[in-house]
Each structure stands twice: as structure tokens, then as C-alpha cells.
Number of protein chains: 2
Amino acid sequence: MRPGPRRSLTHAEILDVAFDLLEAKGFAAVSVRGVASGLGLTPTALYTYYPSKNALLRGMVEHLLARLDPGETGATDAAGEAGAPGSAGVAAGRTRLLALALRLRELLTGHAGALGLIMSGPLDGPNAMRLNETLLESFMAAGLELDDAARAAYALQVYVLGSIALESAEADAESEPADASDRAFATEATGATLWTDLATFPLSERTEAVAAQHNSTAQFTWGVQRLLDGLIGVR
Amino acid sequence: MRPGPRRSLTHAEILDVAFDLLEAKGFAAVSVRGVASGLGLTPTALYTYYPSKNALLRGMVEHLLARLDPGETGATDAAGEAGAPGSAGVAAGRTRLLALALRLRELLTGHAGALGLIMSGPLDGPNAMRLNETLLESFMAAGLELDDAARAAYALQVYVLGSIALESAEADAESEPADASDRAFATEATGATLWTDLATFPLSERTEAVAAQHNSTAQFTWGVQRLLDGLIGVR
DNA sequence: ACCTGAACACCGTTCAAGT
DNA sequence: ACCTGAACACCGTTCAAGT
């Protein structure tokens, strides 16, 4: 076939195929050629819809964030004044922040390799801004003044994305069987003693059990709670 | 030339070329072919030293971490008992933790695109373990019991890596001029209203000035301090 | 505007062969 | 053990051409 049947796709259709690919074969499979062929198109046809692969990736991020649904704002009373709201507002704000963090983590870990998406550029799309606005409202409801709320909102995003980064780094490693030898070479490369086993690090050794749980929802929640402890003045 | 002059390179020499490439041309330029040609080798020759590109990347991570130099342990007194150490020990532990976090950030942001390195696999090399051990010691010196110290050490690493992730995502975007149009397409892709400008998000708008400082050392320090507030029971 | 086909300049990795 | 050269199966992106 030469020119083509004039399909006129939706961006949503393209992103669906991209997410199918991400879930089925991982981040590396989300290629211009791969998505195009999943759509029944030539790679070059995709450039009609997105000017670059990076633009496609950003579209995927926004698509994910659209499903975040920050929920009812409801913090309008506290948003106006920088004073100390009632402890009920503090508790409500904190609950909402934890819920948002958990939901964000859920969305991003649901699709393996989603971190690659986030690193495609800054989080400045409309849905990312909506999230930011909700975080600001919640921190102000919890008693922070505006500037501190901004810093706190950023800190929380940092923590969530950091968690995803570390989790996905380990998840990727597990799916690659050649990893043990990779590690050996990395060790040798630094000139470190090859017999640096756990015994050299007594605390790390005694802590193996809890380290094994580092990627759990419980550890994530614990970390977010401690961060919120530090950000909000309560507890 | 056919077979070759039998060079016998050091892993350190290879890593040096890799870091030169990383600094000069970014993470994408750190390719097997690129490193090999910088060494005057054929790409395949590199596979004698590293079994895969990922192994090379892990070697680079260890090489970076080797320059971390956690410093004198000095917390041997507090490491033995889970009780409450003197406030001097708490302050010293906390100071050391902040210094480590700052140093780690400095190392990773010094080389643009270093996050790609970290995502090459879990941080389980000898130097990564040495860092972990030092973090454990410091948190115990600050008064945490062993299991909480393990969780806290992980939380701190999460925060540092998350900061790097967000910073490098924005740094990469700045170096690409085609970004504005990318964003427009991403916006359209979600079906979001195109006129979602800052005015729709009043809090985000009023907070632009501090948002512009999100990648600063000051903001990083502020976030780490708040996290330490929550992790260590003081203040 | 949407699409094809050919092409350009790259990738990581494998394999047989040389010293 | 260390290296080459050829090859395989991919990339993102550009460009002229068709409808």
C-alpha cells in the first residue's frame, strides 16, 4: 500500500497503545516505531501527532496524572489566612496529603518503568499543576504559611519520586538475570576488595530484614509520615 | 590494522573516559561505541572489561560513590546501645547526616544525567554499602534504634535521589529548545483545556517566586532538615 | 493534514576469527 | 586474555513524495 487510508487518530488512542506497550514489554519497548506499529502506522506518521518521542512521553505523564483526581478541594477556609487553623483542619490536611502521596505512588508503580516518563521533562503540564495546587491547599490547611507550603509541596513530590526511582531501579534489576556478574565487574572496577561482604558492615547485616521491606507500601507510608512530621509542626 | 596492539586497559581508565563523555556530551553520549572510540578501541573490545553496558554504568556509580568519603565513623559509643545518647551525640549525628546528604547531592548533580546511572540498578555495590553503614551509624548516634535507623537511612536516600531526579528532569528540558511545542502537544493529548494558565491555580501563582528556587541548595537543605526533624525525634 | 518509503546516523550485542 | 570486523536487530528523526 502506498499513501494510506487516512485514519485520523486520537491522542488518547495513541497513548493507550503506548501504555499497553509499557505494561507488556517495559519502558524500552515504548519506541516511536513500536507505538506506530501497534497503531498500524509507519513511524514517521506518529510525528504528525507528536513532534518528538519526548513529547509522546510527556503526553503519557499527563495522561497518568489526569487519573490522580486530587478530590474535593474543601480547604478554602484555611487558604485565605496564614494563621493557625483548628487541629481538625491540620488532621484533614495531613490525611489528604498522605492519601495523595499513596495514590501517586500507586499510579507510578502500577506501570513499570514509569520513572522514565517523569524524567522526560519537568512536571509542568496542567494536571501536574493541579496536583501542585492541591498540595499547596492541603499544606495550608495543615497550618503552613504560603511559602513554606510551596517548599513542603516540592519536598513531598521529591520523596514520592525518589521512592519510585529506587523501587524501579531494583525492579529492573530483578528482571535481568545477568545481574550478578554485572555486580562483580562493578566491584572490580572500583578497585574495592572483592571480599567486601556483609560481615564488613555489621549494622547493615543486622538490618537485612528491614532492608528487604524497603519497597513495601508500609515503608513508603512510614517515610511519608516522618516527612510530614517534619514539614507540619504537629505530632 | 587487524588484531590489535594488546593494550590491557584499567577499569579506571575506561571509567575516566566514560565520565569525560558524560560531562562533555551528556548521558546519551555514554554509549558502548562512544566509550570504546574514546579509548581507541572497537566497541566489542569493551565487552572484555564489562559484560554489558549496564555493568559499565554500575561501575560508574561505584566510582562516584567511592569519592563520597563518609569520613570518620566516630559513633562507636552510641552504636552499641539502643538507649538515648547525649544531645551532643544527637547533634553530631544530625550534622553528619546533613553533610552526607549535601555531599551526595553535590557528587550526583556535578555530573549531568547522573540519575541515569543510579537507575541502572540497585545501590548494592561495596561503596553503596559503606554509605549505608555510615548512615546507620549516624542515625543511631542521633538516638534511633536499629530498625528505625534502617528505615531512616532509606528515607534519606530516597529524598536525595528524588531531588536529583527532579533537578535533572528540569535541567535536561532547559537544554532542549523544542520543549515549548512538546508541552503544547502533551497538553492537547490529555484533552485538558488549552487555556489552563497560572491564573487557574491561584496558590501556584502566588508561589512562583519560591518555586523558581526549588532546585537550589537552600531548598535542598531545607527539605533534608525537615525530613531529619521527622526522622530524629528532636526539636 | 495525514500518511508512506527511503534514508541518515546512530544504538547494544553476538560471533567467528586473529594474536 | 584481548582485540578486530562483520553482522543482527534495533533506535529517533528528516525528507521528498503521494492523497
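A, B, ... follow the sequence lines: proteins, then strands. Residue 1 opens every chain.
- A:Val30 has its side chain within reach of A:Leu57: a pair of non-hydrogen atoms, C-beta onward, lies under 4.5 Å apart.
- Applying the salt bridge (charged side-chain N to carboxylate O under 4.0 Å, His left out) criterion to B:Glu13, with sequence neighbours excluded, gives no partner residue.
- Contact annotation: the side chain of B:Gln219 approaches that of B:Trp222 to within less than 4.5 Å [non-hydrogen atoms, C-beta and beyond].
- The phosphate of D:dC11 (OP1 or OP2) has a side-chain N or O of A:Ser31 nearer than 4.0 angstrom.
- Per the geometry, CG belonging to A:Leu39 stands 13 Å off C1' belonging to C:dC2, to the nearest Å.
- Using a 4.0 Å cut-off, some side-chain N or O of B:Thr42 falls inside it from OP1 or OP2 of D:dT4.
- Using P as the reference atom, C:dA9 and D:dC10 are 22 Å apart when rounded to the nearest Å.
- Closest of all the heavy-atom pairs between B:Tyr49 and B:His11 is O-CE1, 3.2 Å.
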With Watson-Crick and G-U wobble geometry limited to distances under 3.5 Å, how should the secondary structure of DNA chain C be encoded in dot-bracket form, using | for bases paired to another strand and [ ] for crossing pairs?
||.|||||...|||||.||
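- Put simply, the residue from B:Leu65, B:Asn132, B:Leu64, B:Val61 that forms a side chain to side chain contact (heavy atoms under 4.5 Å, CB included) with B:Asn127 is B:Leu65.
- When the C1' atom of C:dC3 is taken as reference, atom CD1 of A:Ile14 falls 13 Å away, rounded to whole Å.
- By the 6.0 Å and 45° rule, A:Arg105 stacks over the aromatic ring of A:Phe220.
- Contact of the A:Arg33 side chain with the A:Leu46 side chain is not registered, since no non-hydrogen atoms from C-beta on lie closer than 4.5 Å.
- Whole-Å rounding puts the A:Leu9 CG to C:dA1 C1' distance at 13 Å.
- Remark: P of C:dC3 and OH of A:Tyr49 are 3 Å apart, rounded to the nearest angstrom.
- Side chain of B:Arg103 to main chain of B:Arg67: a donor-acceptor pair is present (N/O by atom type, distance under 3.5 Å, no hydrogens or angles).
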Using a cutoff of under 3.5 Å, can you pull out all pairs of nitrogen or oxygen atoms linking the protein to nucleotides 13-17 of chain D, with atom names and distances?
from   : atom 1 : to      : atom 2 : distance (Å)
D:dT13 : OP2    : A:Tyr47 : OH     : 2.8
D:dT13 : OP2    : A:Lys53 : N      : 2.8
D:dT13 : O5'    : A:Tyr47 : OH     : 3.3

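- In this structure, B:Tyr50 places its OH atom 13 Å from P of D:dC3, rounding to the nearest Å.
- Across the protein-nucleic acid pair, B:Phe27 atom CZ and C:dG12 atom C1' stand 13 Å apart, rounded to whole Å.
- For the pair B:Arg151 and A:Gln213, the minimum side-chain heavy-atom distance is 4.5 Å or more.
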